[in-house]
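Note that the coordinates shown come from a computational prediction; the quantities given were computed from them, not determined experimentally. Reminder, nothing fancy here: chain letters follow the sequence lines and each chain counts from 1.
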There are 2 protein chains.
Amino acid sequence: MSDSRSGKSATLVDVARLAGVSAMTVSRVLNDRGNVSRETRLRVERAMEQVRYRPNVMARSLSLGRSQTIGVVTYDTAQYGPGSAVLGIERAARERGYGVTITAIARPDHDALRSAVLSLDDRMVDGMVVIAPFTAMAGALRDLGRGTPVVAAEAAHQGEVPIVGIDQGLGARLATRHLLGFGHRTVHHIAGPIEWIESRLRSDGWRAELADAGAAVPAPLGGDWTARAGYDAGMRLADDNSVTAVFVANDQMGLGLLHALHERGVRVPQDMSVVGFDDTPESAYFLPALSTVRQDFARLGEVAVELLDRLVTDDDFVADDKLLIPPSLVVRASSGPAPS
Amino acid sequence: MSDSRSGKSATLVDVARLAGVSAMTVSRVLNDRGNVSRETRLRVERAMEQVRYRPNVMARSLSLGRSQTIGVVTYDTAQYGPGSAVLGIERAARERGYGVTITAIARPDHDALRSAVLSLDDRMVDGMVVIAPFTAMAGALRDLGRGTPVVAAEAAHQGEVPIVGIDQGLGARLATRHLLGFGHRTVHHIAGPIEWIESRLRSDGWRAELADAGAAVPAPLGGDWTARAGYDAGMRLADDNSVTAVFVANDQMGLGLLHALHERGVRVPQDMSVVGFDDTPESAYFLPALSTVRQDFARLGEVAVELLDRLVTDDDFVADDKLLIPPSLVVRASSGPAPS
DNA sequence: CCTGCTGATGATTGCGTTAACATCTGCCCG
DNA sequence: CGGGCAGATGTTAACGCAATCATCAGCAGG
């Protein structure tokens, strides 16, 4: 019997009518702008409550040309890294009052990225974060050049789009240095897929640290981030008893490696030390607990969104090319002194 | 020197002007509706390409009252279950031509859920999938009752909103039955947090299967899904040598359990069998490889979105209360015959 | 040769909101 | 006591698109 029309929700005009004012006045109350008398404001506010008024975001966006929404483009959120990054960004964005629209692309190539970006543009997002962990995607970032601000996360630098990321090279160096510090002659490496930028950066860091220490640089094994790949690599490494230390490019491969070594009777860390990368929540409970490199994804999200926010808000703000967040080493049971 | 105004992108009116037709005709070409002569259509299409026209989704939504977007409400996407469910839903939705807006809620209570749902409503989503794995959220689902169709995923049944989920009870029964089949007198249980519906359903299934088999029902231990909780429970269980089989409510706790048992010198599966739940990608590489229950989240997503799509499209479609997807048992190395 | 229909196209209006400008009331001050 | 100014409110138009109705030409059938 009240006037809650079932189905359609109340619009600003309904509120105006009910409060006996013009639509514009309601809008002013809504946005806390302009001069509205205390009395009118109260009347309007009561009316809004009465009809359970909720402003229509789309209409506002259309009128304003801004949507208070940012878009996130990502690939394979099932992976720990990208998945955590999305989560961090999502949180940070909400905290700043942005809505978030997420688009997962099917393949990490130029076209897919392009179409994802366009589709976000169609939705009038105010800005985007592109999680582009693939070398192949870097080129595509260059071509975006629409008016919409873009921040790339975990991407290769391309000179057009500012980048936010975790310092993969430093992480790899920390891991390698840690192992060398235990007296290992050198450190072997199970790398991630070559198409992933993070993979390359981690390998580079490992190589650089070995070089700095004057240690030999063994040929790295390749993997695809999965535990199975780590297992396969482990089976190869187990046979070679010159191998005493391994830096594996992520924790899941680390798990597979540990499994293989266990099967082959190679004791960790007595016979072989292992350090991973990521610090997944499970890594502390591997057998043995995995030493690894921790990345702060929440911070990554905050930094990315903060940067994007500034880009969106302030027209003539010029961002730094690159913002790197330092990772930290977590030492657990899988790394120890070289066997004598 | 071409007419690509930098900054603003072309609108339908621009295309119309360029093609020398009315806006309406462009709209018709765009939506492949109405009668447009072959000739005009071509002219319009050329014009669209020339100015790189992209329809503005918001404007269309506002005009149509539909947005071709579905909203997803979720809690804690970092958890394997909810995270995978989101991924499955996202994929399925895109396949059906829907955009996806994801909202993560901070706390799993009535208010947070309500405000998430309202905010999606403000964005004019055509429908929503609410991943509501908490008992506390079930009540809130009842109150939604807006015009927007809602499907709940992994939620408790409340009679208002159709549910899509994986048959947790069946999964628990499969795991328990598998262990009993090895001759274990009974099966112990490490449960998930009581506030989680899945947790309760898994415990119930375990209990029911034991009861059906006439086996004793030991008091379950409680955990919070984390490996640490599994570890703690494992330390308790290891001391009790009447325990020969454990059904643990998820794989991460399973990992912790294995870790604890290893530390205490309890051999798996010779001294104790373990079966988990989830089949995370890593579970096959635990030490020993974990027997577990696999859930098909991709399928869950498809089913949820298909149902929602029908609800959105067909006004007088009435959905079934509940759609359950059967999980499957994956037998690996962590389960075996009872010690004699 | 007119009626009536069909196919192609255009004009108008509305979706819900806000910006920009217009109007109106008091009231201060010279 | 009138000019002018500030505060409060209203009016109009625009954002980009599509539904609805109108228009117009061509053409078959009586």
Side-chain angles (χ1 to χ4, degrees), chain A residues 5 7-45 47-48 51-69 99 118 121-126 147, chain B residues 5 7-45 47-48 51-69 118-119 121-126 147:
Chain A
R5 296 144 195 85
K8 299 203 82 64
S9 50
T11 76
L12 178 147
V13 175
D14 296 335
V15 174
R17 202 153 28 215
L18 183 58
V21 297
S22 77
M24 200 52 228
T25 300
V26 178
S27 172
R28 279 193 266 258
V29 171
L30 205 55
N31 300 294
D32 209 26
R33 196 195 318 277
N35 304 311
V36 180
S37 73
R38 178 164 245 66
E39 186 184 0
T40 314
R41 177 190 314 279
L42 281 171
R43 197 141 37 91
V44 169
E45 279 167 354
M48 293 201 295
V51 298
R52 281 175 165 50
Y53 172 68
R54 302 227 91 210
N56 181 314
V57 177
M58 301 231 149
R60 169 183 281 162
S61 303
L62 188 59
S63 179
L64 245 41
R66 291 178 291 101
S67 61
Q68 278 297 308
T69 297
L118 287 177
D121 244 348
D122 295 346
R123 294 196 140 70
M124 298 181 68
V125 296
D126 295 345
Chain B
R5 297 147 194 82
K8 300 202 80 64
S9 50
T11 76
L12 180 146
V13 175
D14 297 334
V15 174
R17 202 154 27 216
L18 184 58
V21 298
S22 76
M24 201 51 229
T25 300
V26 179
S27 172
R28 277 192 267 257
V29 171
L30 206 56
N31 301 293
D32 210 26
R33 196 194 321 275
N35 304 313
V36 179
S37 73
R38 178 165 246 64
E39 186 184 0
T40 315
R41 176 190 313 279
L42 281 171
R43 197 142 38 91
V44 170
E45 280 167 353
M48 292 201 295
V51 298
R52 281 176 163 49
Y53 173 67
R54 304 226 90 210
N56 181 314
V57 177
M58 300 230 152
R60 170 184 279 157
S61 303
L62 189 58
S63 179
L64 244 43
R66 292 177 288 101
S67 62
Q68 278 296 306
T69 298
L118 287 178
S119 104
D121 243 349
D122 295 346
R123 293 198 142 69
M124 298 183 68
V125 296
D126 295 346

| request: Return the 5'-most residue of the pair A/A23, B/G20 with respect to DNA chain C, ranking by each residue's nearest nucleotide. | output: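 With A/A23 and B/G20 compared, the 5'-side residue is B/G20.
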| task | Would you kindly compare A/R28 and A/R60 by the position of their nearest DNA chain C nucleotide and give the one closer to the 5′ end? | result |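 So the residue in question is A/R60.
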Can you figure out which of [options] approaches the side chain of [X] most closely?
{"X": "A/N56", "options": "C/dT9, C/dG16, D/dT9", "result": "C/dG16"}
{"X": "B/L12", "options": "D/dA18, C/dT17, C/dT9", "result": "D/dA18"}
{"X": "A/M24", "options": "D/dA18, D/dG16, C/dA19", "result": "C/dA19"}
{"X": "B/N31", "options": "D/dG16, D/dA18, C/dT18", "result": "D/dA18"}
{"X": "B/N35", "options": "D/dG16, C/dA8, C/dT17", "result": "C/dA8"}
{"X": "B/T25", "options": "C/dT17, D/dT9, C/dT9", "result": "C/dT9"}
{"X": "B/T11", "options": "D/dC17, D/dA18, C/dA19", "result": "D/dC17"}

Touch class at under 4.0 angstrom, heavy-atom based, for [X] against every strand present:
{"X": "A/V21", "value": "sugar-phosphate"}
{"X": "B/L62", "value": "base"}
{"X": "B/S61", "value": "nothing"}

| query | Charged N to carboxylate O below 4.0 Å: is that the case for B/D122 and A/R60? | reply |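 No, no charged N to carboxylate O under 4.0 Å.
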| Salt-bridge present (B/D14, B/R52; N to O < 4.0 Å) |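 Answer for the salt bridge query: no.
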Does [N] have its OP1 or OP2 closer than 4.0 Å to a side-chain nitrogen or oxygen of [X]?
{"X": "B/S22", "N": "C/dG10", "result": "yes"}
{"X": "B/S63", "N": "C/dG14", "result": "no"}
{"X": "A/S37", "N": "D/dG7", "result": "no"}

| query | Starting at CZ of A/R66 and ending at P of C/dT17, how long is that distance when rounded to a whole Å? | reply |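 That distance rounds to 16 Å.
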| query | Rounding to a whole Å, what distance do you find between A/R123:CZ and D/dC15:P? | reply |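 The distance from CZ of A/R123 to P of D/dC15 comes to 22 Å, rounded to the nearest Å.
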| task | State whether the side chain of A/T69 and the backbone N or O of A/S67 hold a donor-acceptor pair below 3.5 Å, judged by distance alone. | result |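 Between the backbone of A/S67 and the side chain of A/T69 there is a qualifying donor-acceptor contact (under 3.5 Å).
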| Smallest separation among heavy atoms of B/L30 and B/P55, with atom names |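 Minimum heavy-atom separation between B/L30 and B/P55: CD2-CB, 4.0 Å.
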| query | Could you give the distance from CG (B/D126) to CG (B/L64), rounded to the nearest 0.5 Å? | reply |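 Reported to 0.5 Å precision, the distance equals 9.0 Å.
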| Is there a donor and acceptor pair, one atom on the side chain of A/R54 and one on the base of C/dG16, closer than 3.5 Å? |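 Absent.
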| task | Compute the bend angle of the helix from C/dC1-D/dG30 to C/dG30-D/dC1 from the end axes (five pairs per end), rounded to 10°. | result |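 For the helix from C/dC1-D/dG30 to C/dG30-D/dC1, the axes at either end differ by 60°.
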